[in-house]
Participant: 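What follows is a structure written as structure tokens; I'll ask about it next.
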Amino acid sequence: MSDPQTSSLMHQRRRAAWLFLLPMLVVLTGVAGWPLFRTVFFSFTDATLATLDGFQGVGLDNYLWLMRDPVWWRAVWNTLVFTVVSVGIETALGLGIALILNAHLPGRGLLRAAVLIPWAIPTVVSAQMWGWMFHDLYGVVNAILMGLGLIAEPRAWTADPDLALPVVIAVDVWKSTPFMALLILAALQMLPRDLYEAARVDGVHPVKVFVRITLPLIRPALMVAVLFRTLDALRVFDLMYVLTGNSRSTMSMSVYARQYLIDFQDVGYGSAAATLLVLVLAVATVLAVTLGRVRVDAGR
């Protein structure tokens, strides 16, 4: 039987928590909720940028046209390939870099700061920088590869349909791997050292220690890092748009929605594409949390 005083205290704490959260919820509703509602609403209309006040309802026509558009499905495929490949590589590299940074090395603090530089650079700036580096006439990448004898002539990396998506993935890996390494390093810093001391005394092989001790203990943080990067990769826009524009070989779902909303000024159809993107993000979040069993209270 619960203590009435304890129940009253818990009730007061819950009420205080909701009071503290209320301003944030109000701001989120205005900043995120209202635009999202408007986007979903416009997806069922024929609205354009010139007729935002004189539109008509079209039901599910925008979604039906979207399902029949091969360019949309190409954008979905590009986004999924980009997400799976880039997040997979970033997770593996981030784990390796975090293990190195967690070791007792001379100059470890300076090395940690240097690793974070790519992540600290704004995405648009880094994309423009790499765009010049991959330039077919003036790019340093072609100059280096030709100097090494790996290619015979300059290549248009971001214009070649077979090379553009791998280039975008490579740039994203360069920029986002430090983010993964930072989150994994934070988890490694919290691990109890007595377990490793006991394993060292027992003569357990380092690989076995990593598989049996390190990985299980950092799994919650690792899954959270993968979830964050997956959601960020699924909605990728600026990196692809700066490097390759509206090229169909690299067009993501966000670039597709932007093209119809801004270039073609078709608010209804573009809103339908943006709404489907939100649904994809929601499904990906549910799957990641369910399959990965990510728990908010895992640190207790």
Side-chain angles (χ1 to χ4, degrees), residues 74-75 77-185 225-226 229-230 232-252 254-255 258-259:
R74 178 63 186 271
W77 173 254
N78 290 338
T79 306
L80 293 178
V81 171
F82 172 83
T83 300
V84 172
V85 176
S86 62
V87 173
I89 297 176
E90 290 160 11
T91 302
L93 291 178
L95 180 58
I97 294 174
L99 291 172
I100 295 174
L101 295 179
N102 192 48
H104 295 284
L105 299 174
R108 182 174 58 174
L110 182 61
L111 184 60
R112 290 178 178 178
V115 167
L116 292 177
I117 291 177
W119 181 55
I121 299 176
T123 303
V124 174
V125 176
S126 61
Q128 189 65 51
M129 176 182 68
W130 279 98
W132 278 105
M133 292 175 66
F134 280 108
H135 195 276
D136 55 339
L137 297 179
Y138 315 109
V140 66
V141 174
N142 277 328
I144 294 175
L145 294 179
M146 291 176 64
L148 296 175
L150 297 178
I151 58 175
E153 58 184 9
R155 294 188 178 183
W157 297 92
T158 57
D160 190 332
D162 297 327
L163 299 175
L165 188 57
V167 166
V168 173
I169 292 174
V171 175
D172 185 72
V173 168
W174 174 83
K175 175 172 176 55
S176 300
T177 296
F179 172 78
M180 300 292 289
L182 181 65
L183 293 184
I184 298 173
L185 178 62
V226 171
R229 271 302 302 140
T230 299
D232 194 41
L234 285 173
R235 61 182 181 84
V236 60
F237 168 78
D238 43 6
L239 183 63
M240 287 183 174
Y241 188 73
V242 173
L243 281 174
T244 60
N246 291 324
S247 173
R248 293 187 179 183
S249 59
T250 59
M251 179 180 290
S252 65
S254 296
V255 175
R258 181 261 170 205
Q259 185 180 37

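Not measured: the values here are computed from a predicted model.
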Participant: Is there side-chain contact between Leu243 and Met240, with at least one heavy-atom pair below 4.5 Å?
Facilitator: no
Participant: Search all heavy atoms of Ala233 against all heavy atoms of Val87 and return the closest pair with its distance.
Facilitator: CB-CG2, 4.1 Å
Participant: Where do Leu239 and Ala127 come nearest, in terms of heavy atoms and distance?
Facilitator: CD1-CB, 3.8 Å
Participant: If you look at every heavy atom in Phe237 and Ser252, which pair is closest and at what distance?
Facilitator: CA-OG, 4.5 Å
Participant: Below 3.5 Å, can you tabulate the donor-acceptor pairs from side chains in residues 131-150 to any protein atom, sequence neighbours excluded?
Facilitator:
| unit_1 | atom_1 | unit_2 | atom_2 | d |
| --- | --- | --- | --- | --- |
| His135 | ND1 | Leu137 | N | 3.0 |
| His135 | ND1 | Tyr138 | N | 3.2 |
| Asn142 | OD1 | Arg155 | N | 3.2 |
| Asn142 | OD1 | Trp157 | NE1 | 2.8 |
| Asn142 | ND2 | His135 | O | 3.3 |
| Asn142 | ND2 | Asp136 | O | 3.4 |
| Asn142 | ND2 | Arg155 | O | 3.0 |

Participant: Determine, step by step, whether Val115 and Ile97 satisfy the side chain to side chain contact (heavy atoms under 4.5 Å, CB included) criterion, reporting the C-alpha distance in whole Å, the side-chain angles of both residues, the deciding distance to 0.1 Å, and the verdict.
Facilitator: CA-CA 9 Å; Val115 167; Ile97 294 174; 4.1 Å; yes
Participant: Would you say that more than 12 heavy atoms from the other residues, nucleotides or ligands in this model lie under 6.0 Å from the CZ of Arg248, or not?
Facilitator: no
Participant: With a 4.5 Å cut-off on side-chain heavy atoms, are Met180 and Leu93 touching?
Facilitator: no
Participant: Taking Thr158's backbone N and O only, do any of them form a donor-acceptor pair with Thr244's side chain (distance below 3.5 Å, no angle check)?
Facilitator: no
Participant: Donor-acceptor pairs under 3.5 Å, side chain of residues 162-170 to any protein atom, not counting sequence neighbours: which ones?
Facilitator:
none

Participant: Contact between Met251 and Asn246 at the side-chain level, heavy atoms closer than 4.5 Å - yes or no?
Facilitator: yes
Participant: What pair of heavy atoms forms the shortest contact from Trp119 to Lys175, and how long is it?
Facilitator: O-NZ, 3.1 Å
Participant: Measuring from Leu95:CG to Leu183:CG, what's the distance to the nearest 0.5 Å?
Facilitator: 12.5 Å
Participant: Taking the side chain as every heavy atom from C-beta outward, state whether Leu185 and Leu99 have any pair of such atoms under 4.5 Å apart.
Facilitator: no
Participant: Work out which heavy atom in Ser86 is nearest to a heavy atom in Arg229; give both atom names and the distance.
Facilitator: OG-NH2, 4.5 Å
